[in-house]
Amino acid sequence: MSESIRHRGSTIENYSPWLHRAAVLYVILTFIVIISGGNVTSRGAGMSVPDGFTVYGYFLWAFPIDRWVGNIFHEHVHRLVGSVIGITALAVAVWTAIVERRRTVRMIAFVAALMVLVQGILGALRVNQISTTLAVVHGVHAQMILCMTVWL
């Protein structure tokens, strides 16, 4: 349900409380995946799953729970949360494009979603190529995404 709210003397039309809640969830999930990524890195679990776009040949969400052992658990959870952020980023970007009048806000949502897509690719490349540079870029890029989601 959209409604008008007043902010600093001006009226913001088409305020969507559910879109706002989705954007807050986006921020929280992004923060959680950064913590999870730090956990993966500090445990040295990043290379426990050798394939970047699948998990030992399984589609990400089809990987059997009984195989989530040791460092595989930490890496797999990080990937799962990242994939949820990808879905959330796309949903928020599309939803924002539909209900938001302000072009700047629509652009921030679109750029943040694009950054999440790039982050997923960087993460997969990081696993396929043992590279400290990619690891640093992946970590810093995650923090830039957090800034974008907070801004949104």
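Start at 1 with the first residue, then count along the sequence.
- A side chain to side chain donor-acceptor pair (under 3.5 Å) check over residues 80-98, counting only residues at least two apart or in different chains, returns the pairs Trp61-Ser83.
- In this structure a side-chain-to-backbone donor-acceptor pair under 3.5 Å is missing from His74 to Val40.
- Contact record, Val99 with Ser16: CG2-CB, 4.5 Å, taken as the closest heavy-atom pair.
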(Q) Walk me through whether Leu60 and His76 qualify under side chain to side chain contact (heavy atoms under 4.5 Å, CB included). (A) CA-CA 8 Å; Leu60 181 68; His76 190 59; 3.7 Å; yes
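- One hydrophobic cluster, built from ILVMFWY side chains closer than 4.5 Å, holds both Ile28 and Val33.
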Could you go through residues 141-152 and list every donor-acceptor pair under 3.5 Å that involves a side-chain atom there, pairing it with any protein atom two or more places apart or in another chain?
{"unit_1": "His141", "atom_1": "ND1", "unit_2": "Gln119", "atom_2": "OE1", "d": "2.8"}
{"unit_1": "Gln143", "atom_1": "NE2", "unit_2": "Gly139", "atom_2": "O", "d": "3.4"}
{"unit_1": "Thr149", "atom_1": "OG1", "unit_2": "Ile145", "atom_2": "O", "d": "3.4"}
{"unit_1": "Thr149", "atom_1": "OG1", "unit_2": "Leu146", "atom_2": "O", "d": "2.8"}

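- Between atom CG of residue Leu80 and atom CZ of residue Phe73 there is a gap of 9.5 Å, rounded to the nearest 0.5 Å.
- Separation of atoms OG1 (Thr133) and NE2 (His138) is listed at 14.0 Å; rounding is to 0.5 Å.
- In terms of hydrophobic clustering, with Ile, Leu, Val, Met, Phe, Trp and Tyr side chains grouped at heavy-atom distances under 4.5 Å, Val94 and Ile108 are assigned to a common cluster.
- Residues Leu90 and Val24 do not share a hydrophobic cluster, clusters being chains of Ile/Leu/Val/Met/Phe/Trp/Tyr side chains in contact below 4.5 Å.
- Atoms CG and NE2, from Leu25 and His20 in turn, are 11.5 Å apart once rounded to the nearest 0.5 Å.
- Among all heavy-atom pairs drawn from Ser42 and Asn39, the shortest one is OG-O, 3.1 Å.
- Trp68 and Phe63 have parallel rings, their planes meeting at less than 30° on a 0 to 90° scale where 60° marks the start of perpendicular.
- Transitive grouping of hydrophobic side chains (ILVMFWY, heavy atoms separated by less than 4.5 Å) keeps Leu125 and Phe53 in distinct clusters.
- Follow the hydrophobic side-chain contacts under 4.5 Å out from Val111 and you reach Leu19 in the same cluster.
- Pairs engaging residues 44-57 under the side chain to side chain donor-acceptor pair (under 3.5 Å) rule: Asp51-Thr54 [sequence neighbours left out].
- Listed here is the closest heavy atom pair of Ala93 and Ala113: CB-CB, 3.9 Å.
- The shortest distance between side-chain heavy atoms of Val55 and Arg79 falls below 4.5 Å.
- Between the side chain of Arg106 and the main chain of Glu100, a donor-acceptor pair closer than 3.5 Å is present.
- Under a cut-off of 6.0 angstrom, the local environment of CZ in Phe31 is sparse, with at most 12 non-hydrogen atoms contributed by other residues, nucleotides or ligands.
- Arg126 and Met47 make their closest contact through NH1-CE, 3.0 Å (heavy atoms, listed as atom of the first residue, atom of the second, distance).
- Residue Arg103 places its CZ atom among 12 or fewer non-hydrogen atoms of other residues, nucleotides or ligands, all under 6.0 Å distant.
- The two residues Glu75 and Ala45 come nearest to each other via the heavy atoms CB-O, 3.6 Å.
- Within the model, atoms CD1 of Ile87 and CG of Leu29 stand 10.5 Å from one another, a figure rounded to the nearest 0.5 Å.
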